[in-house]
Asks: 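Next up is a structure, given as structure tokens.
Just so it is clear: chains get the letters A, B, ... in the order the sequence lines come, proteins before strands, and each one is counted from 1.
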Amino acid sequence: MNQSIDVLPDHKKTQLYRLRHSLSHILATAVRQMRPEVKLAFGPPVENGFYYDFDFGDSPLGESDLEEVERRMSAVIKERRPFVREEKSFDEALRFLEESGEVYKVEYARELIDTGVANGDTLSFYSSGDFTDMCEGPHLDHTGEVPKKCFKLDRISGSYWRGDEKRPMLTRIYGLAFESAQELSEYLAMRKLAMERDHRKLGEELDLFVQDNEVGVGLPLWMPKGTVIRDELEKWARETEFLGGYQRVSTPSVTRKELYLRSGHVPYYEDSMYPPMPVDENDHYYLRPMCCPHHHKIYASRLRSYRELPLRLCEYGNVFRYEKHGSLSGLLRVRAMCMNDAHIYCTPEQVEAEFKAVIAMYQMYYGHLRMGNFRVRLSLHDKSSDKFVDRYEDWEHSEDIVRRVLDNLGIGYEEEAGEAAFYGPKVDIQVKNLMGREETVSTCQLDFVMPERFDLNYVDANGERKRPYILHRAPLSTHERMISFLIEFYGGAFPTWMAPVQVRLVPVNAELAEYAQGLEAKLRGAFFRAETDLSDESFNKKIRNAVTQKTPNIWILGKQEMEQGTVTWRRYATKDQKCVPVEDALVMLETMRRDRAMDNFADVNIW
RNA sequence: GCUGGAAUAGCUCAGUAGGUAGAGCGCGUCACUCGUAAUGACGAGGUCCGGGGUUCGAUUCCCCGUUCCAGCUCCA
């Protein structure tokens, strides 16, 4: 969609870029053969391929038409049509587009001209055969340069013109394209493999969570095994927060409207909240979409001295957000979630150090979990939007603070305007899931608005009342989102400390059952989640079942082990095994649990 | 919320040119008692998503709804 005609950046000069861009023109050429009346919108190259947006009016193409489109594209490629660039003056360009009825192109051309993005006094067009499109290029020399079988139409879906839901809904056709047939098939194979790790699929297979229509959409039910993972994360957070000087609080999930009028969430974010519940005569209650106002109220419950600051209040709190139906997805986007929330109230002098400490905590968590596949986004306000509070100097000031913290820590980040919270800038950890959809996992926000709205203050050393700053932070995100990413990232294989079943005891035959159960009791006595396979299955099948469930540790018990007081310990991550005396094995397990060893990775040595 | 697609056994899916359905896995029973990824036999499971319509008859065709999937939008 980025069709600015500035000097071409490097990535646009690559052969792959030209290939994908040319294929989007070839796609449009084929589509126009089938629907001569079609109106063209944007058709850029994108990651893994290209797309083109069409307005089909009353005769849309559907999924079943893609095969024919692809056939026609191949025919165009065979014709070796040259791509010819032509510059048209502004007037000429507009006349041409208007005459061909390209209303979307006309709008875009006018915008390029009006905003001065079009440098010089011309707009460029590319023609290949009878198809001409306004386009900055570059393209292949001719359609015959498209390698054989290097592309595939992938999906067809809707998209709004200019990404604006108030404007017409267009039809977008996505294609995959690579420089060779082999790369395409490799990509397809990779994607197929990746889908095996889909948290929705694994969540069901591993019995982690379910959704039930009678309960409601976007309201997952956590099964016993999934709850183990939540509990372990929470336990870790409690320890980490205790060491970080946080204090735990507990606050309710429903609240009077008054609170959200004060915070400003009503009316600004009312659309994203569950509708209010009428209670008593004139009172309305909301399910809370976040915990902050409750924590602010705890802060405000009495006068605070500077000696108490920073005050760090934390809570794994349930929050409820009325997300749009079509955006719900597994655990990734839900309407009820449990958030690793905390609010830090501090003096202006303390802000930087506190922000730094929070970022350090993020680095610790992400480093430990080996979640290296994220980008850091510095989310700033956007002056042209009315979504943000209107306090220019505070924005500049607080954005500087956050930027400075990131710079000092040497953290690479990308700034994005318009992504801030309405009350302040934030640092977001952005992670892509298997489908390539990027979501914010964790966020840390600097808030200069709520202290005033809630009239929060503290008494400084001189006896004067001052406004504190507030940091909002959620490094472990919500259980729902974090665990959805962990499932996919780990392929469902959790480290021992988080695993629903930590040790699966597999007796070689029925005679060993009693011994196995004794060992299980011993493990459970030491608070390990151990299970014995007492089924009548073959030994091979028992191993297979334990492996399929991705149990991190299988303890195999045969006659020899019983006699020697050992276990044969098979690791999931490596398939290695080792015979270990029972007492030693217990100590090793204790160590793994204490250190939260990431033994789901093969390079982690546990013996 | 919007556009498109889908919904058949617990799961993955086949099928019926309109005459109420089948496989594999899983589950149950029995036999087997087994040393590192699937022992064998038998059996039980279905309002073919829900509601209307057309029809002698609808899982199949039409309409409406629900849910799921993909994309768009949104995302404190």
Side-chain angles (χ1 to χ4, degrees), chain A residues 51 53 55-56 60-66 154-174 195 198 200-201 204-205 210-214 216-218 260 263-265 268-273 288-293 319 321-330 332-335 339 341 379 387-388 419-424 426 428 435-440 443 445 447 449-450 472 474 481 506-513 535-549 554 556-561 568 570 572 575-577:
Chain A
Y51 69 77
D53 283 343
D55 185 344
F56 287 113
L61 290 184
E63 209 169 274
S64 52
D65 297 308
L66 291 185
D154 192 30
R155 46 180 67 120
I156 183 166
S157 63
S159 73
Y160 299 107
W161 169 235
R162 309 309 298 270
D164 184 343
E165 62 181 327
K166 293 181 189 68
R167 309 206 58 188
M169 172 64 74
L170 309 171
T171 302
R172 175 171 298 179
I173 299 178
Y174 279 96
M195 290 308 117
D198 189 317
R200 291 165 297 195
K201 181 179 152 74
E204 184 180 292
E205 283 174 10
V210 293
Q211 305 235 24
D212 183 290
N213 210 17
E214 215 162 317
V217 294
Y260 298 121
S263 68
H265 290 100
Y268 292 129
Y269 289 100
E270 205 173 9
D271 283 350
S272 305
M273 294 162 71
R288 68 170 171 193
M290 76 294 295
C291 306
C292 1
V319 294
R321 298 175 184 180
Y322 194 77
E323 299 284 355
K324 283 182 182 171
H325 197 286
S327 69
L328 299 171
S329 176
L332 190 61
R333 188 75 73 85
V334 291
R335 285 179 172 169
M339 186 182 279
D341 217 350
S379 300
K387 181 183 147 188
F388 306 101
E419 295 291 341
F422 75 90
Y423 46 73
K426 50 181 186 148
D428 296 318
M435 295 298 296
R437 187 188 298 185
E438 186 183 82
E439 295 279 359
T440 302
T443 177
Q445 307 165 359
D447 177 357
V449 174
M450 293 304 156
H472 304 236
R481 192 164 283 185
V506 179
V508 167
N509 62 47
E511 285 168 30
L512 279 309
S535 67
D536 285 338
E537 302 292 350
S538 67
F539 181 71
N540 278 313
K541 190 61 179 288
K542 289 182 191 174
I543 297 291
R544 180 181 158 81
N545 285 342
V547 172
T548 309
Q549 283 294 302
I554 303 173
I556 292 147
L557 307 168
K559 199 174 163 200
Q560 192 190 324
E561 284 84 352
T568 293
R570 174 178 158 144
Y572 176 83
K575 292 193 175 73
D576 287 346
Q577 60 181 27

Asks: Base, sugar-phosphate alone, or nothing: which one does A:Lys387 contact when heavy atoms must sit under 4.0 Å apart?
Replies: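 Sugar-phosphate contact only.
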Asks: B:rG45: syn or anti, with syn meaning chi within 90° of zero?
Replies: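 Syn conformation for B:rG45.
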Asks: When you compare B:rG40 with B:rC56, how far apart are their C1' atoms, in angstrom units rounded to a whole number?
Replies: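 Per the computed distance, 48 Å lies between those C1' atoms.
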Asks: Indicate the atoms forming the closest heavy-atom contact of A:Glu419 with A:Lys426, along with that distance.
Replies: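 Shortest heavy-atom contact: O-CE, 2.9 Å.
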Asks: Distance check, C1' atoms only: B:rU29 and B:rG45, in whole angstrom units.
Replies: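 Per the computed distance, 15 Å lies between those C1' atoms.
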Asks: Assuming nearest nucleotide by heavy-atom distance, tell me which of A:Ile556 and A:Phe422 is located more 5' along RNA chain B.
Replies: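 Checking each residue's closest nucleotide, the 5'-ward one belongs to A:Ile556.
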Asks: Could you please name the partner base of B:rU54, counting Watson-Crick and G-U wobble pairs only when both distances are under 3.5 Å?
Replies: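 Per the H-bond distance test, none.
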Asks: So if I take every side-chain heavy atom of A:Asn540 and compare against B:rU36, B:rU67, B:rA76, which nucleotide ends up nearest?
Replies: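 Of the options given, the side chain of A:Asn540 lies nearest B:rU36.
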Asks: Write down the partner of B:rC75 under the Watson-Crick or G-U wobble criteria, each distance required to be under 3.5 Å.
Replies: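 Result: none.
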Asks: Return the nearest nucleotide to the side chain of A:Asn213; candidates are B:rU66, B:rG71, B:rC11.
Replies: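 Closest nucleotide to the A:Asn213 side chain: B:rU66.
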Asks: Pairing check on B:rA38: which nucleotide meets the Watson-Crick or G-U wobble criteria with it, both distances under 3.5 Å?
Replies: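 Its partner is none (no Watson-Crick or G-U wobble pair with both distances under 3.5 Å).
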Asks: How would you label the contact of A:Asp536 with the nucleic acid (heavy atoms, under 4.0 Å): base, sugar-phosphate, or nothing?
Replies: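 Base: the residue A:Asp536, judged by heavy atoms under 4.0 Å, touches a nucleobase.
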Asks: From the set B:rG35, B:rU67, B:rA38, return the single nucleotide nearest to any side-chain atom of A:Val217.
Replies: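 For A:Val217, the side-chain atoms sit closest to B:rU67.
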Asks: Using atom types as modelled and distance alone, determine if a side-chain donor or acceptor of A:Glu63 lies under 3.5 Å from a backbone N or O of A:Arg155.
Replies: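 Such a contact is absent between A:Glu63 side chain and A:Arg155 backbone.
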Asks: Can a donor-acceptor pair under 3.5 Å be found between the side-chain atoms of A:Tyr160 and the base atoms of B:rG71?
Replies: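 For A:Tyr160, whose side chain was compared with the base of B:rG71, there is no donor-acceptor pair (under 3.5 Å).
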Asks: Tell me: CZ of A:Arg333 to P of B:rC72, nearest whole Å?
Replies: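 That distance rounds to 12 Å.
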Asks: Heavy-atom nearest nucleotide on RNA chain B for A:Leu61 versus A:Thr568: which residue maps closer to 5'?
Replies: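 The residue mapped nearer the 5' terminus is A:Leu61.
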Asks: Tell me which nucleotide, if any, is Watson-Crick or G-U wobble paired with B:rC13 when both distances must be under 3.5 Å.
Replies: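 Partner of B:rC13: B:rG22.
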Asks: Using atom P in both nucleotides, what's the gap between B:rA70 and B:rU60 to the nearest angstrom?
Replies: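 The same atom, P, in both gives a distance of 26 Å.
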Asks: Paired with B:rG45 by Watson-Crick or G-U wobble geometry, both distances under 3.5 Å: which nucleotide is it?
Replies: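 Answer to the pairing question: none, since B:rG45 forms no Watson-Crick or G-U pair.
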Asks: Ignoring hydrogens and angles, answer whether the base of B:rC75 and the side-chain atoms of A:Arg321 contain a donor-acceptor pair closer than 3.5 Å.
Replies: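 Looking at the base of B:rC75, it does not pair with any donor or acceptor on the side chain of A:Arg321 (distance under 3.5 Å).
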Asks: When you measure from the centre of the six-membered ring of A:Tyr51, is the NZ or CZ of A:Arg172 closer than 6.0 Å and no more than 45° off the axis?
Replies: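 Geometry flag: set, cation within 6.0 Å and 45°.
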Asks: Assign A:Tyr268 to base, sugar-phosphate, or nothing according to its heavy-atom contacts below 4.0 angstrom with the strands shown.
Replies: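 The answer is nothing, as A:Tyr268 stays clear of every strand by at least 4.0 Å.
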Asks: Taking atom types as they are modelled, would you say the side chain of A:Ser272 forms a donor-acceptor pair with the base of B:rA76 within the 3.5 Å cutoff?
Replies: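 A donor-acceptor contact between them is present.
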Asks: For a quick check of understanding: with a heavy-atom distance under 4.0 Å over all strands, which category does A:Glu561 fall into, base, sugar-phosphate or nothing?
Replies: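 Base contact - A:Glu561 has a heavy atom under 4.0 Å of at least one base atom.
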Asks: Do side-chain atoms of A:Glu204 reach the backbone of A:Lys201 as a donor and acceptor pair under 3.5 angstrom?
Replies: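 No, because the side chain of A:Glu204 does not come within donor-acceptor range (under 3.5 Å) of the backbone of A:Lys201.
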Asks: Mind checking A:Gln445 for me? I need base, sugar-phosphate or nothing, with any heavy atom below 4.0 Å counting as a touch.
Replies: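 Answer is sugar-phosphate: A:Gln445 comes under 4.0 Å of backbone atoms only.
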Asks: A:Gly326 near the nucleic acid: base, sugar-phosphate alone, or nothing, with a heavy-atom cut-off under 4.0 Å?
Replies: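 Here A:Gly326 touches the bases of the nucleic acid.
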Asks: How far, in whole Å, is B:rG46 from B:rA23 if one measures between their P atoms?
Replies: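 Those two atoms are separated by 15 Å.
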Asks: Under 4.0 Å between a side-chain N/O of A:Arg544 and OP1 or OP2 of B:rG35, yes or no?
Replies: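 So the side-chain polar atoms of A:Arg544 never come under 4.0 Å of the phosphate oxygens OP1 or OP2 of B:rG35.
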Asks: Is any side-chain nitrogen or oxygen of A:Lys541 closer than 4.0 Å to OP1 or OP2 of B:rG26?
Replies: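 Yes, because at least one side-chain N or O of A:Lys541 sits under 4.0 Å from OP1 or OP2 of B:rG26.
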Asks: If we call it a pair only when both distances are under 3.5 Å in a Watson-Crick or G-U wobble match, what pairs with B:rG4?
Replies: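 B:rC69 is the nucleotide pairing with B:rG4.
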Asks: Would you indicate, yes or no, if B:rU3 has its OP1 or OP2 atom less than 4.0 angstrom from a side-chain nitrogen or oxygen of A:Tyr174?
Replies: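 For B:rU3, OP1/OP2 do not have a side-chain N/O of A:Tyr174 under 4.0 Å.
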Asks: Using the P atom as the point on both nucleotides, what is the distance between B:rU20 and B:rC48, in whole Å?
Replies: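 Their P atoms lie roughly 13 Å apart.
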Asks: Would the base of B:rG35 count as contacting A:Gln577 through its side chain, where contact means a donor and an acceptor less than 3.5 Å apart?
Replies: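 Not at all, since no donor on one side and acceptor on the other fall under 3.5 Å apart.
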Asks: Could you state the CD-P distance from A:Glu537 to B:rU36, rounded to the nearest angstrom?
Replies: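 Answer to the nearest Å: 16 Å.
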Asks: Taking only the side-chain heavy atoms of A:Arg200 (C-beta and beyond), determine which of B:rG35, B:rA76, B:rA70 contains the nearest atom.
Replies: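 For the A:Arg200 side chain, the nearest candidate turns out to be B:rA70.
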Asks: Tell me: CG of A:Asp154 to P of B:rC69, nearest whole Å?
Replies: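 Value for this atom pair: 17 Å.
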Asks: Check the phosphate of B:rU73 against A:Arg167, side-chain N and O only, distance under 4.0 Å to OP1 or OP2. Yes or no?
Replies: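 No, because none of the side-chain N or O atoms of A:Arg167 sits under 4.0 Å from OP1 or OP2 of B:rU73.
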Asks: With a 4.0 Å cut-off on heavy atoms, is A:Ser263 in touch with a base, just the backbone sugar-phosphate, or nothing at all?
Replies: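 Touches nothing.
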Asks: Measuring only the P atom in each nucleotide, how far is B:rU59 from B:rG53? A whole number of Å is fine.
Replies: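 Nearest-Å result for B:rU59 against B:rG53 at atom P: 13 Å.
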Asks: For B:rG18 versus B:rG1, give the span between their P atoms, rounded off to a whole number of Å.
Replies: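 So the two P atoms sit 34 Å from each other.
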Asks: Using the P atom on both, measure B:rG52 against B:rA44 and round to a whole Å.
Replies: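 The answer is 32 Å between these two P atoms.
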Asks: B:rA37 phosphate, OP1 or OP2: any side-chain N/O from A:Lys542 under 4.0 angstrom?
Replies: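 For B:rA37, neither OP1 nor OP2 has a side-chain N or O of A:Lys542 closer than 4.0 Å.
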Asks: If you only use heavy atoms from C-beta on, which nucleotide in B:rC2, B:rG4, B:rG35 is closest to the side chain of A:Lys559?
Replies: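 Nucleotide nearest to A:Lys559's side chain: B:rG35.
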Asks: Name the nucleic acid region contacted by A:Phe539, choosing base, sugar-phosphate or nothing; use a 4.0 angstrom heavy-atom cut-off, strictly under.
Replies: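 A:Phe539: base contact, heavy atoms under 4.0 Å.
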Asks: For the side chain of A:Ser157, counting heavy atoms from C-beta on, which of B:rA76, B:rG71, B:rC69 is nearest?
Replies: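 That would be B:rG71.
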Asks: Nearest to the A:Lys324 side chain among B:rU36, B:rA76, B:rG1, which nucleotide is it?
Replies: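 It is B:rG1.
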Asks: Just checking, any donor-acceptor pair under 3.5 angstrom between side chains of A:Asp428 and A:Thr440?
Replies: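 No.
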Asks: Measure CG/A:Asp212 against P/B:rC49 and give the value in whole Å, please.
Replies: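 For the pair A:Asp212 CG and B:rC49 P, the rounded distance is 18 Å.
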Asks: Tell me which nucleotide, if any, is Watson-Crick or G-U wobble paired with B:rU59 when both distances must be under 3.5 Å.
Replies: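 Pairing partner, where one exists within any strand: none, as none qualifies.
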Asks: Verify the contact: side-chain N or O of A:Ser538 to OP1 or OP2 of B:rU39, cut-off strictly under 4.0 Å; return yes or no.
Replies: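 It does, given that an N or O in the side chain of A:Ser538 lies less than 4.0 Å from OP1 or OP2 of B:rU39.
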Asks: Has the side chain of A:Arg167 got a donor or acceptor atom that lies under 3.5 Å from a matching backbone atom of A:Tyr160?
Replies: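 No.
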Asks: Would you find a donor on one side and an acceptor on the other, under 3.5 Å apart, between the side chain of A:Ser329 and the backbone of A:Leu332?
Replies: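 No, A:Ser329 side chain to A:Leu332 backbone: no donor-acceptor pair under 3.5 Å.
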Asks: What nucleotide among B:rU73, B:rA70, B:rA76 has an atom nearest to a side-chain atom of A:His265?
Replies: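 The listed nucleotide nearest to A:His265's side chain is B:rA76.
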Asks: With no angle test and no hydrogens, is the base of B:rA70 tied to the side chain of A:Arg155 by a donor-acceptor pair under 3.5 Å?
Replies: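 No pair found.
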Asks: Please check the phosphate of B:rC74 (OP1 and OP2 only) for any side-chain N or O of A:His325 closer than 4.0 Å.
Replies: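 A:His325 to B:rC74 OP1/OP2: no side-chain N or O under 4.0 Å.
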Asks: Report which part of the nucleic acid A:Ser327 touches: base, sugar-phosphate, or nothing (heavy-atom distance under 4.0 Å, all strands).
Replies: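 Counting heavy atoms under 4.0 Å across all strands, the contact made by A:Ser327 includes a base.
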Asks: Show your working on side chain to side chain donor-acceptor pair (under 3.5 Å) between A:Tyr260 and A:Glu270 and close with a plain yes or no.
Replies: CA-CA 9 Å; A:Tyr260 298 121; A:Glu270 205 173 9; over 6 Å; no
Asks: Assess the pair A:Phe422 and A:Phe388: is the distance between their ring centroids shorter than 6.0 Å?
Replies: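 For A:Phe422 and A:Phe388, the ring centres are not under 6.0 Å apart.
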Asks: Is A:Arg321 reaching over with its side chain to a backbone N or O of A:Pro289, donor-acceptor style, under 3.5 angstrom?
Replies: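 Flag set: sc A:Arg321 to bb A:Pro289 pair under 3.5 Å.
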Asks: Would you mind reading off the distance between A:Glu214 atom CD and B:rC49 atom P, rounded to a whole angstrom?
Replies: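 For the pair A:Glu214 CD and B:rC49 P, the rounded distance is 18 Å.
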